[in-house]
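As structure tokens, the structure follows; a few thoughts come after it.
Every chain is numbered from 1, with letters handed out A, B, ... down the list of sequences.
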2 protein chains.
Amino acid sequence: MARAGLNSERVVLAGAELADEVGFDQVTISALARHFDVKVASLYSHVQSSHDLSTRIALLALDELADLGAAALAGRSGKDALSALGNVYRDYARQHPGRYAAAQLRLDPETAAASAGVRHAQMTRAILRGYDLTEPEQTHAVRLVGSVFRGYVDLEMGGGFDHSAPDSQESWLRVLEALDALLRNWPVT
Amino acid sequence: MARAGLNSERVVLAGAELADEVGFDQVTISALARHFDVKVASLYSHVQSSHDLSTRIALLALDELADLGAAALAGRSGKDALSALGNVYRDYARQHPGRYAAAQLRLDPETAAASAGVRHAQMTRAILRGYDLTEPEQTHAVRLVGSVFRGYVDLEMGGGFDHSAPDSQESWLRVLEALDALLRNWPVT
DNA sequence: TCAGACTTCCTACAGTCTTTAGGATTTCAC
DNA sequence: GTGAAATCCTAAAGACTGTAGGAAGTCTGA
């Protein structure tokens, strides 16, 4: 019997691709086994469990997102940087909905600490260096910016902005402008 | 054999309670059958499918949230109203994490249109009547406010604000102040 | 080259959940 | 009370997870 030539990375990557096609919650070890034309039990040599598979896909997505973010931020500052990072998240969610969903998976603290999640926090903070904020206001602002990115993308992906007038792209640009203005005038009263 | 006295509402309510205890994704028809000490097949008289159960729990949560929001908004305006509605979402998520998760479930368009989701959009729009905004800026602002509420609560629930200095409550208050200032100075440049 | 040692993949099986079919029992309305 | 409807059941099939233990490739070193 010829071997399929599997390994952890290939399995996880296929899982990520499958997630983008059919949804993150539809990614099962069984489905991946079918994809590789291999028996289910075989995949347990490459992945510890279903939960382990989910976690690895999440880590892959966080990593990809952090790389894209870092690339987008290079050489930019101020509103330019703000928009660039926001667009990275939004575009990634549209192009890779399954991976984006995976990236929201709640990780246990140790895993999270070792993940690219840390880089994400640093990137948002880096943006704020273009504005004039000091602690603890900077942290409040980091949280606000993170909330807007996360919330807007989730709502848009969930279809929340579908059935009404100004289209989502327009609102997105306006939201970025508003956020930029807010940061420039921080601290607010 | 004595009957358990089940009906749709009781089953869905028990599902919502179970969701708060063990997580929305752990709510299964099997688990509910165990809870009512009834065979699994019996529940299919009250619920069409697992998906139907999830949807009904989501609708329940959306409804409860809309009622709480409406009550909180009564007699308030401006920043008062903004904070009140934001706190409704945030407090609900903390007190009923499973129900809150259910409320994020993506509904098919017809179900969504008939749900309390519509009231939620109206409430956010009602808040903006306390500020001086006209279309299409008002819609952009509605989307921004929704994004912040949704994003902040999700990140906080996901543990995103745990391991660093200013505590989340402090940031939340600051975020509400910032949002209020932003709306007062809208349109921004 | 070839004998371990290791890795990869398999069969077999047990446990859980979903869903349907069809039958029995309880309850309600007339 | 009797017939209809609602409630609950047994039975069974199909899907997914996970474990145990075995066979067949693959690699390494003498």
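Within the structure, salt bridge (Lys or Arg N to Asp or Glu O under 4.0 Å) contacts touching residues 40-49 of chain B (residues at least two apart or in different chains) do not occur. Sorted by first and then second residue, the ring-ring contact (aromatic ring centres under 6.0 Å, His included) pairs with a member in residues 168-189 of chain A read A/Y152-A/W172; sequence neighbours excluded.
Within 4.0 Å (heavy atoms only), B/V40 reaches at least one base atom of the nucleic acid.
One finds a salt bridge joining B/R125 and B/E135 here, because a Lys/Arg side-chain nitrogen approaches an Asp/Glu carboxylate oxygen to under 4.0 Å. A salt bridge does not link B/R150 with A/E156: none of the charged nitrogens is closer than 4.0 Å to a carboxylate oxygen.
Listed by chain and residue number, A/V11, A/I29, A/D52, A/L53 satisfy the side-chain contact (heavy atoms from CB on, under 4.5 Å) test with A/V47 (two or more places apart in sequence, or in another chain). Remark: A/D91 pairs with no residue by the salt bridge (charged side-chain N to carboxylate O under 4.0 Å, His left out) rule, at least two apart or across chains. When the side-chain contact (heavy atoms from CB on, under 4.5 Å) test is applied to B/R184, the partners found at least two apart in sequence or on another chain are B/Y131, B/D180, B/A181. The ring pair (Phe, Tyr, Trp, His ring centres under 6.0 Å) test applied to A/Y92 returns A/H96, not counting sequence neighbours. Judged as a ring pair (Phe, Tyr, Trp, His ring centres under 6.0 Å), and not counting sequence neighbours, A/H46 has no contacts.
With rounding to whole Å, B/L53 atom CG is found 9 Å from C/dT18 atom P. Atom CG of A/L43 is separated from atom C1' of D/dT19 by 15 Å (rounded to the nearest Å). To the nearest angstrom, P of C/dT18 lies 14 Å from NE2 of B/H51. With rounding to whole Å, A/L6 atom CG is found 13 Å from D/dT26 atom P. One can place CD of B/Q48 at 14 Å from P of C/dA21, the figure rounded to the nearest angstrom. Atom CG in A/L32 sits about 13 Å away from atom C1' in D/dT17, given to the nearest Å. One can place CZ of B/F36 at 14 Å from C1' of D/dT7, the figure rounded to the nearest angstrom. When rounded to the nearest whole Å, the span between NE2 of B/H46 and P of D/dA5 equals 18 Å.
Considering only side-chain atoms of B/S49, the nucleotide from C/dT19, C/dT11, D/dG18 that sits closest is C/dT19. Here D/dT17 is the nucleotide among D/dC8, D/dT17, C/dA12 with the atom lying nearest to any side-chain atom of A/Y44.
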Write out a two-atom table: protein N or O, nucleotide N or O from nucleotides 14-17 of chain C, distance below 3.5 Å.
| from | atom 1 | to | atom 2 | distance (Å) |
| --- | --- | --- | --- | --- |
| C/dC17 | OP1 | B/R34 | NH2 | 3.2 |
| C/dC17 | OP2 | B/R34 | NH1 | 3.1 |

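The stretch residues 8-25 of chain B does not touch DNA chain D, since none of its heavy atoms comes less than 4.0 Å from the strand.
Distances shown here put every side-chain N or O of B/S45 at or beyond 4.0 Å from the OP1 or OP2 atom of D/dA6.
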